[in-house]
Amino acid sequence: MEPTRNDIIEALRQLIDPFAGRDVVSLDLVRDVSVKDGFVVIALDSISPGTESQLDLERKAEELVRSVPGVKNVIVRVGWVVPRVQPNLEKQSVPGVNNIVAVSSGKGGVGKSTVAVNLAVSLSRYGARVGLLDTDVYGPNVPIMVGVNSEPKVSGQRLLPHQAHGVRVMSLGFLNPGDRPVVWRGPMLHTAVRQFLYDVEWGELDFLIVDMPPGTGDAQLSLAQLVPVQGAVLVTTPQEVSLADVRKAFNMFEQVRIPVLGIVENMSYFICENCSTRHDIFGAGGGQRLAEKFNTTLLGRVPLSIEVREGGDLGVPIVVSNPEGAQAKAFREIADNVAIRLSVLSLTTGGLPVLDMGDSRGDRFAV
């Protein structure tokens, strides 16, 4: 008995995406199905860029399809589709930018910029087109962390972002180098945020990661008022003094109607190189308790490491300098979870509009 396309599709209706909780057919994640003489080739989309998640989806799809009578062999190809959350039409989108993600914290000193830089580079290494905007005008550290210290070029009336580690980067630190302080009131900061969003030639981006200043002040309000921000990532360390401020940041984003994608617990613990003992220098479990309190996701825990600090000082993010280390793996997990959370969020805002990552697997299969 020769299996048909419909037979294969019906089998795939049993394949549940673990993150969205629905089958891949109803989610429109079946890209293509080819059947000939009992040989089946399937192209699936995954809402996770992580290799392990894609391999698991591939394995489960193959098992289901092999059980269809008449199937002799199965090849399953799985690729990542970048989410595009439906924008708030009341706000002006940044041309070419699909998802804006704010990385914020309630206080300074928790490694927010480190998280923003490594998140951006991790998403880029997954194959996405990524921009990084440093709006921390009073302490712009991103130029140091990405290893760029020159002024950006200008094309017409628009600034051209620098390229660093596969990411397009813009920061006030490029325009105001050295030790000169920025002494601005709120309206000037609002104008600067607007110019960095609309007067920079960002091009086509899947993600624009915005490194926010610490706290809940003018920059956060300006970003919320100007553009549709698809989600926020909140960075904390495990101790209570940091958690207290992050709780305020969470409530602030709720007030301005920006979804919080989850919590990153930075400097989570330290593994001694000599004795291999784990030390909870800043306490333990704070990020998880905070995520549970606000019914959100713990996106990941990043261990404390001298390498992360050294990489930040040298302009080489840890995901570049030591991609197999524990810290880089933690940042990749965070990037994976951010992408997943955005995709799940997009399902609640009118479907899953996605951007093809250049995979020439044919047209999407219409069910």
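Quick note: numbers below take in every heavy atom, side chains included, and nothing from hydrogens, waters or symmetry partners.
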Would you tell me whether Glu307 and Asn322 have side-chain atoms, one donor and one acceptor, within less than 3.5 Å of each other?
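Distance-only check passes for Glu307 and Asn322.
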Indicate whether the side chain of Asn266 and that of Thr237 have a donor and an acceptor atom separated by less than 3.5 Å.
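Result is no, nothing qualifies.
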Between the main-chain N or O of [Y] and the side-chain N or O of [X], is there a donor-acceptor pair closer than 3.5 Å?
X      : Y      : value
Gln327 : Val308 : no
Asn99  : Pro83  : yes
His165 : Gly147 : no
Glu265 : Arg301 : no
Ser124 : Gly166 : yes
Arg341 : Leu261 : yes
Glu333 : Gly300 : no

Please determine if [X] and [Y] form a salt bridge, counting it only when a charged side-chain N lies under 4.0 Å from a carboxylate O.
X      : Y      : value
Lys112 : Asp211 : yes
Asp336 : Lys329 : no
Arg309 : Asp313 : yes
Arg13  : Glu10  : yes

With side-chain contact (heavy atoms from CB on, under 4.5 Å) as the test, would you mind laying out the steps for Asp199 and Gln157 before giving the verdict?
CA-CA 7 Å; Asp199 294 343; Gln157 300 296 316; over 6 Å; no
Does [X] belong to the same Ile/Leu/Val/Met/Phe/Trp/Tyr cluster as [Y], with side-chain heavy atoms less than 4.5 Å apart forming each link?
X      : Y      : result
Leu123 : Leu345 : yes
Leu29  : Val41  : no
Trp202 : Leu160 : no
Val154 : Met170 : yes
Leu298 : Val235 : yes

How would you list, by chain and number, every residue that makes a side-chain hydrogen bond (donor to acceptor under 3.5 Å, both in side chains) with Asp23, sequence neighbours excluded?
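With neighbours one apart ignored, the set is Ser26.
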For Leu342 and Phe207: C-alpha separation, side-chain torsions, deciding distance, then whether side-chain contact (heavy atoms from CB on, under 4.5 Å) applies.
CA-CA 11 Å; Leu342 283 170; Phe207 301 96; 3.5 Å; yes
Just one of Ile47, Asp45, Asp17 clears the side-chain contact (heavy atoms from CB on, under 4.5 Å) bar with Leu27, so which one?
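Looking at Ile47, Asp45, Asp17, the match for Leu27 under the side-chain contact (heavy atoms from CB on, under 4.5 Å) is Asp17.
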Would Val117 and Val142 satisfy side-chain contact (heavy atoms from CB on, under 4.5 Å), going step by step from the backbone distance to the final call?
CA-CA 7 Å; Val117 168; Val142 166; 4.2 Å; yes
After noting the C-alpha distance and the side-chain angles of Gln288 and Glu292, does the key distance pass the side chain to side chain donor-acceptor pair (under 3.5 Å) rule?
CA-CA 6 Å; Gln288 183 64 54; Glu292 291 172 354; 3.2 Å; yes
Measure the shortest side-chain to side-chain distance between [X] and [Y] over non-hydrogen atoms and say whether it is less than 4.5 angstrom.
X      : Y      : result
Val146 : Val167 : no
Val210 : Val101 : no
Phe174 : Val169 : yes
Asp134 : Leu172 : no
Pro143 : Val148 : no
Val71  : Val68  : yes

Assess the residue pair Arg158 and Tyr198 against the criterion (side-chain contact (heavy atoms from CB on, under 4.5 Å)); give the C-alpha distance rounded to whole Å, side-chain angles, the decisive distance to 0.1 Å, and a yes or no.
CA-CA 9 Å; Arg158 299 172 69 81; Tyr198 298 114; 5.8 Å; no
Plane angle bin for Tyr126 and Trp80 - parallel if under 30°, tilted between 30 and 60°, otherwise perpendicular:
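Perpendicular.
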Spacing of [atom1] belonging to [X] relative to [atom2] belonging to [Y], to within rounding of 0.5 Å:
X      : Y      : atom1 : atom2 : answer
Leu57  : Ser48  : CG    : OG    : 9.5 Å
Gln195 : Leu159 : CD    : CG    : 8.5 Å
Asn118 : Ile209 : CG    : CD1   : 12.0 Å
Glu2   : Asp37  : CD    : CG    : 6.0 Å
Leu234 : Arg247 : CG    : CZ    : 12.5 Å

Any idea which heavy atoms bring [X] and [Y] closest together, and the distance?
X      : Y      : answer
Gly111 : Met267 : N-CE, 4.0 Å
Met212 : Thr135 : CA-OG1, 3.5 Å
Asn73  : Phe39  : CB-CD2, 3.5 Å
Val65  : Val40  : CG1-CG1, 4.1 Å
Val319 : Pro323 : O-CB, 3.5 Å
Ala339 : Pro49  : CB-CD, 3.8 Å

The criterion is salt bridge (charged side-chain N to carboxylate O under 4.0 Å, His left out); which residues satisfy it with Glu62, sequence neighbours excluded?
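Arg66.
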